[in-house]
Amino acid sequence: MQPLDNRYQQPANNGKVKNFHKRVFSMEEDMIKDNLPEQVHKNEPPAMPELKKGSKGEVVMKAQRILKTTSDYIGYVDGDFGWIMEAAVQSFQRRSKLRVTGIISDDTWNALNQIRR
């Protein structure tokens with residue numbers, strides 16, 4: 001049995017895995033370090049991305065889950081910002097007395113984050 005590398009818990013002679021881990025984790029650390037001064041000095045949470053028709057991903061799923069709790073969104077939580085999601089955002093914006101755009105920008109995110117889940 002080969003000795004394990006204490007840092008990555010991989011066999012010590014497996015250079016490919018070690019290099020992959022270094023590359024991936026150092027990029028993540030750099031991204032965190034780059035954003036950290038802004039977050040600490042502004043004393044604010046990181047900015048959420050603007051979502052609109054055609055957006056996809058985990059952040060869209062988060063918005064869909066929140067809008068489901070308000071009964072504005074009736075579709076599947078699938079991470080796809082389609083026409084049903086756009087209509088749900090417009091409905092939520094109208095009820096929240098926000099500018100009705102169908103786009104989730106900072107003001108809409110702020111209102112969505114006020115909702116108890």
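Residues take their numbers from the sequence shown, with the count starting at 1. What you are looking at is a predicted structure, and each value in this text was computed from that prediction instead of being measured.
- Note that the CZ atom of Arg99 and the CZ atom of Arg94 stand 14.0 Å from one another [nearest 0.5 Å].
- Atom OH in Tyr73 sits 11.0 Å away from atom CZ in Arg65 (nearest 0.5 Å).
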Verify side chain to side chain contact (heavy atoms under 4.5 Å, CB included) between Gln64 and Asp78, making sure each step is shown before the conclusion.
CA-CA 8 Å; Gln64 288 173 331; Asp78 59 3; 3.2 Å; yes
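- Within the model, atoms NZ of Lys52 and CZ of Phe81 stand 10.0 Å from one another, a figure rounded to the nearest 0.5 Å.
- Atom CD of residue Glu86 and atom CD1 of residue Ile103 lie 8.0 Å apart, to the nearest 0.5 angstrom.
- Side-chain contact between Phe92 and Ile115 is present, with at least one heavy-atom pair separated by less than 4.5 Å.
- Heavy-atom contacts from other residues, nucleotides or ligands closer than 6.0 Å to CD1 of Ile84 number more than 12.
- Paired with Met85 under the rule side-chain contact (heavy atoms from CB on, under 4.5 Å), one option of Ile104, Leu51, Asp80 passes, and it is Ile104.
- Counting heavy atoms from C-beta outward, Leu67 and Leu112 have side chains that approach closer than 4.5 Å.
- Counting all heavy atoms, side chain and backbone alike, Glu50 lies closest to Ser105 at OE2-CB, 3.9 Å.
- The two atoms that bring Lys68 and Val77 nearest to each other are CE-CG2, 3.9 Å, heavy atoms only.
- Distance check: Asn113 CG to Met48 CE gives 6.5 Å after rounding to the nearest 0.5 Å.
- Ion pairing between a basic and an acidic side chain is recognised when a charged N comes within 4.0 Å of a carboxylate O; Arg95 and Asp72 show such pairing.
- Counting heavy atoms from C-beta outward, Thr108 and Gln93 have side chains that approach closer than 4.5 Å.
- A donor-acceptor pair under 3.5 Å is formed between the side chain of Trp109 and the backbone N or O of Pro49.
- Note that the CD1 atom of Ile66 and the CE atom of Met61 stand 12.5 Å from one another [nearest 0.5 Å].
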